[in-house]
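Below is one structure; the comments refer to it alone.
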Amino acid sequence: MNAQRALLHPAAKPLLFVLCLLPFAQLLGGAVAGTLGANPAEALIRSTGDWTLRLLCLTLAVTPVRHATGWHGLARFRRLLGLFTFFYGVLHLLCYAWFDMGFYLDDIARDIAKRPFILVGFAALVLMLPLAATSFNRAIKALGAARWQALHRAVYAVAGLALLHFFWMRSGKNDYAEVAVYALIVGMLLGARAWRAWRRRTAAAQPA
Amino acid sequence: LPGTPSKVPGALTMEKLTAYQDVTTYNNFYEFGTDKADPARRAGSLKTRPWTVVVEGEVRKPGTYDIETLLKLASMEERIYRLRCVEGWSMVIPWVGYSLNELIRRVEPTGNAKYVEFHTLADKAQMPGLNSRVLLWPYVEGLRLDEAMHPLTLLAFGLYGEVLPNQNGAPLRLVVPWKYGFKSGKSIVKIRFTDKQPNTAWNVSAPHEYGFYSNVNPTVDHPRWSQATERRIGEDGLFTRKRPTLMFNGYEAQVGQLYAGMDLKKFY
């Protein structure tokens, strides 16, 4: 199959790596060139948040799409996408801490404690930390596949917290259209997994 | 649209003006979309002539005023005001217009008039953003009558010496410099005098977040962000610490007495 062969091509992974870096390069270029509009700080904070959500959706899509299409080569990209989700999440936090709060740590700590929407976003990022830290092969071996998988199910909680963060932020302006799109995508991806798990369980429960 | 420098106390801040480009491309005008670039891109569809403003309610002289009449009603003044958005950014804008009280005096409010309501145009044919359900349309804002009568409350027809660009609320808008920007209704088609506090657009959609008064106040935070500081658009760079927000946006000397004895945490 052609799609399979393309996915397994040695250049596929470096290509994806470069693609994932493009938004970062574009934002960095825009910040240096001064082309991010009247409020570059807001543009940087929002764009890095948007890209975190988009990459999270792509990461969550890998397994359901692999199951639906049989393109098992996709599995090679999951770790890369997950790590880039973390990368943009960290950038998002850095942009907020730097451009909005001037890196004043007590101000940031007070702000995180005081504002539930920031607290929830922060919790999502903290929760991603152990996933990113155990993403390399030796960690998988050290933990054992079952425990590693159980730990990495935390990505569902990350997705929920990230959506809540976005929803809460937009509720200030009553503007839920974009939130709904992301919620629908995440809902469908999680639904596909739940559906598959349920079918396997009922199939296993059938007498042979 | 020429205007002579205003003599109203506080009407001419000496601060550096925000660039025309930023003033006219970074706008909140949800009738044209929720993105701040939307109004400049999409407000070309707004037709500002012919244009009339209905004045009704508790006034002895209700009526329909043509924009040409309103342009000649009083002499045009230039006023340089700070604008503080509830989102935490600010600008300094040279407006052209006259005190709203020039119009109010001519329509003679009755003894029952306690509040003034301002209605923005709501025409789907001209305003693509009305298809969204972010707010109830038309956009309604309101002031207490004494706030509306304050000489700093401006009926603006222009900025930077020219006629208002559509995205900034053409052909006429309100500017209340000591309140968050959303209190200043754009593209006004109706002014109604009432005895009851108006149900204003943001107060209706999110009452716990946006009060009727919405005076700029660094000590009363928005539920999801602090109002203690602000970023001056075009001036405060990425690495500049945000500047402190001033009580009543720096107009405390002029307007503080309007709120004497009021608990501003309760009447936010």
Side-chain angles (χ1 to χ4, degrees), chain A residues 27-28 30-48 50 91 94-122 164-181, chain B residues 18-28 30 33-41 85-91 129 131-136 182 201-210 221-244:
Chain A
L27 288 172
L28 192 66
V32 171
T35 54
L36 294 176
N39 196 343
E42 182 191 66
L44 287 169
I45 296 169
R46 297 212 173 158
S47 305
T48 48
D50 284 344
L91 279 180
L94 280 177
C95 285
Y96 153 79
W98 201 351
F99 306 143
D100 231 22
M101 308 303 292
F103 259 137
Y104 285 81
L105 292 182
D106 2 337
D107 283 10
I108 295 168
R110 214 172 309 130
D111 208 42
I112 289 177
K114 198 167 168 187
R115 319 216 173 269
F117 103 96
I118 295 179
L119 182 67
V120 161
F122 189 69
L164 183 60
H165 170 67
F166 193 36
F167 170 85
W168 234 334
M169 177 261 190
R170 285 296 169 90
S171 73
K173 287 303 185 95
N174 241 7
D175 188 7
Y176 301 120
E178 257 182 277
V179 184
V181 171
Chain B
T18 303
Y20 178 86
Q21 167 76 13
D22 287 342
V23 170
T24 55
T25 57
Y26 189 73
N27 307 102
N28 279 319
Y30 279 19
T34 53
D35 192 279
K36 278 194 258 301
D38 285 340
R41 275 193 290 119
C85 179
V86 73
E87 296 166 351
W89 51 268
S90 60
M91 296 186 180
N131 291 318
S132 120
R133 283 183 294 172
V134 175
L135 288 168
L136 287 177
F182 70 89
W202 281 108
N203 186 224
V204 167
S205 76
H208 49 292
E209 306 198 5
Y210 307 99
D221 286 344
H222 185 278
R224 259 179 316 290
W225 58 84
S226 163
Q227 294 293 25
T229 57
E230 65 197 50
R231 175 175 283 113
R232 185 64 53 81
I233 295 297
E235 215 177 312
D236 296 345
L238 273 180
F239 307 111
T240 323
R241 196 172 194 202
K242 291 200 280 185
R243 61 184 70 199

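In what follows, chains carry the letters A, B, and so on, assigned in the order in which the sequence lines appear, proteins first and then strands, with residues in each chain numbered from 1. Given the structure is predicted, the values throughout are model-derived calculations rather than measurements.
Note on B:G237, B:S205, B:G234, B:A19: by heavy-atom pairs under 4.5 Å with chain A, the leading option is B:S205. Between chain B and the options A:F103, A:Y176, A:F117, heavy-atom pairs under 4.5 Å are most frequent for A:F117. In terms of non-hydrogen atom pairs under 4.5 Å with chain A, the most contact-rich of B:T25, B:T18, B:L135, B:D221 is B:D221. Of the residues considered (B:M91, B:R241, B:E209), B:R241 shows the highest number of contacts with chain A, using heavy-atom pairs under 4.5 Å.
Here the closest heavy-atom approach between residue A:P40 and residue B:L238 is recorded as C-CD2, 4.0 Å. Of all the heavy atoms in B:I233 and A:A38, the pair that sits closest is CG2-O, 3.4 Å. Of all heavy-atom pairs spanning B:Y26 and A:N39, the tightest one is OH-ND2, 2.9 Å.
Using a 4.5 Å cut-off between heavy atoms, A:L36 does not touch chain B at all. For B:D236, no part lies under 4.5 angstrom from a heavy atom of chain A. In this structure, chain B has a heavy atom under 4.5 Å from the side chain of A:Y104, while its backbone stays farther away.
In the displayed structure, B:L136 atom CG is contacted under 6.0 Å by at most 12 heavy atoms of other residues, nucleotides or ligands. The 12-atom threshold is exceeded at CZ of B:R243, counting heavy atoms of other residues, nucleotides or ligands nearer than 6.0 Å.
For B:T229, the side-chain contact (heavy atoms from CB on, under 4.5 Å) partners two or more places apart in sequence, or in a different chain, are B:K242. Under the rule for a salt bridge (Lys or Arg N to Asp or Glu O under 4.0 Å), the partners of B:E87 that lie at least two apart in sequence or sit in another chain are A:K173, B:K36.
The distance from the CH2 atom of B:W225 to the CG atom of A:D100 is 11.0 Å, given to the nearest 0.5 Å. Distance check, rounded to the nearest 0.5 Å: OG of B:S226 to NZ of A:K114 gives 6.0 Å. Taken to the nearest 0.5 Å, the CZ atom of A:R46 stands 8.5 Å off from the CG atom of B:D35.
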